[in-house]
Amino acid sequence: MRSSIFIDGEWRPASDGATREIRSPADGSLIATVSEGKIDDALAAIAAARSSFDSGVFTSWGWARRSALLATVADLLERDVELIAALESGDTGKRIIESKYDVADVAATFRHFAQLASEQHDKKIDSGIPHVSSRITYDAIGVCSLIGPWNYPLLQIAWKVAPALAAGCSFILKPSELTPSTAMHLLKLLEEAGVPRGVANLVTGAGSVIGDTLTTDPRVDFVSFTGGLSTGKRIMSKAAETVKKVALELGGKNPHIIFADADLDAATDFAVTAAFLHSGQVCSAGTRLILERSIHDQVVTEIVRRAKLIRLGGPTDLTAETGPLISEGHLKKVEEYLARGVQEGAKLLVGGVRSTAPELSRGWYFPPTILDNCDTSMYCVQEESFGPIMTVEVFESEEEAIRLGNDTIYGLSGAVWSKDNAKTERVSKALRHGTVWINDYGPYKPAAEWGGFKASGNGRELGEHGLQEYLEIKHIWTNNSPSKSGWFADGI
Ligand code: NAD
């Protein structure tokens, strides 16, 4: 059993001694037994974060020293890549190679925010008065609750922890209760790098138990959340009680539009990757394939052929191309979602039933699945399955492609394929999504903002804005030669 709660510089068990078993989604084996934090633990973590922030212990470091700290954390992450990848794959079931890519992205995130911190400076304003200086400063927002999901556990929390540290904030980190191991290791690295006591706190445990405490406590200034839409809505309404700033990275139902004049070899290949990478457990998964009618049969025949070839397997299976779903509960939800799609009239072309292969029988595997004959009135087109289910729709015109691409409550990401640059430019501008790829699918850069339009959330992570979320803007006006205002008569 590992004491996985880190408060005020100390590792401790849960206040009531409760624990949780973390089991591999790939084969059910016991990965770890960790502390299951409760409300008392969340309150203690908030108190520690508040007191460290109010003491000025970290804000007094200044931007340059905090930038150097982030660069050290990036070095430590790279040093421990093998160990961290093993922990991440243990919790999520994803292949070790994918976890290693994730660790590289996590280190790149810390380096990006180290760079931004090193460039940070006040902004001078022209006061229009010779003896008055006026400037804008950027202060740490304060105490932050950082809440993450299970699909890219370390990467998603890195997008929060790195800018929080760059800004000089103190925080309480709550990873998904299903995947706490890499968050625990990150906190060890922060300790090693010299983050002051009380600045970085970690509470493992169920969101349904400690989530409200972390998002409503008046001592918390900012909540940054990545997860599902319903949880995001709850956090937003709860945070209103204390007028807390909230940043939300929620779901996506991402249109992948292919015109007949696209490079179909590349587009078809990307269609398969976009939908089935990490078994569809990706917020930006290209699960809505939207094809120009004239290429429908050709593309669908090819993606069905390719979907059948995808090999499922656990973290250390070197022949595997994608892994299991995160839990039995999630697998059941994916099955119900599929059944509803078929009931609504979608045509199941491939996949759709759990694998019976003996080597997969102890894990939560679900095969790549394609539903044809779909339209935007269907639940399976409108709602996220967060599993390996691709729906196929068709369009006749550019206008219709745009209309379909925007016919969703979500707005996280999308893609358009065509060799006609003017057309891809028009379509990319018209799509109401936070990221649009042209003749590509999936890449992101730490220097580019990430986030959603509409119900995919608010605020942005990464880029420059990803740091600004953690800053308060202050105007400082300095009169170097004060004299009476003369507004009211002084009676003299
Ligand atoms: P989830 O909403 O179930 O849980 C996310 C986190 O919220 C977990 O840590 C959970 O413990 C916590 N939580 C639960 N109830 C809470 C409450 N009342 N208050 C505060 N926190 C609470 O989501 P999930 O199943 O872990 O993740 C999958 C979802 O995340 C998908 O919808 C996916 O699209 C989304 N996601 C979005 C992005 C993005 O960048 N937009 C990235 C990854 C995942």
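Counting starts at 1 for both ligands and their atoms, in listed order.
- Both cation-pi conditions hold for Lys94 and Tyr152: the charged atom is under 6.0 angstrom from the six-membered ring centre and inside a 45 degree cone around its axis.
- Remark: the Ser224 side chain and the Lys160 side chain contain an N/O donor-acceptor pair separated by less than 3.5 Å.
- A donor-acceptor pair shorter than 3.5 Å cannot be found between the side chains of Trp437 and His256.
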Sequence neighbours left out, cut at 3.5 Å: what donor-acceptor pairs do the side chains of residues 378-390 make with other protein atoms?
residue	atom	partner	partner atom	Å
Gln382	NE2	Thr376	O	2.9
Gln382	NE2	Asp407	O	3.0
Glu383	OE1	Tyr410	OH	3.4
Glu384	OE2	Gly252	N	3.3
Ser385	OG	Gly387	N	3.0
Ser385	OG	Gly387	O	3.4

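- Checked by atom type, the side-chain pair Ser35/Thr204 shows no donor-acceptor distance below 3.5 Å.
- Side-chain contact check for Glu469 versus His465: some heavy-atom pair is nearer than 4.5 Å.
- Residues lining ligand 1 at a heavy-atom distance below 4.0 Å are given as Ile147, Gly148, Pro149, Trp150, Asn151, Gln156, Lys174, Pro175, Ser176, Glu177, Gly207, Ser208, Gly211, Asp212, Phe225, Thr226, Gly227, Gly228, Thr231, Arg234, Ile235, Glu249, Leu250, Gly251, Cys283, Glu384, Phe386, Leu412, Trp450, ordered by chain and residue number.
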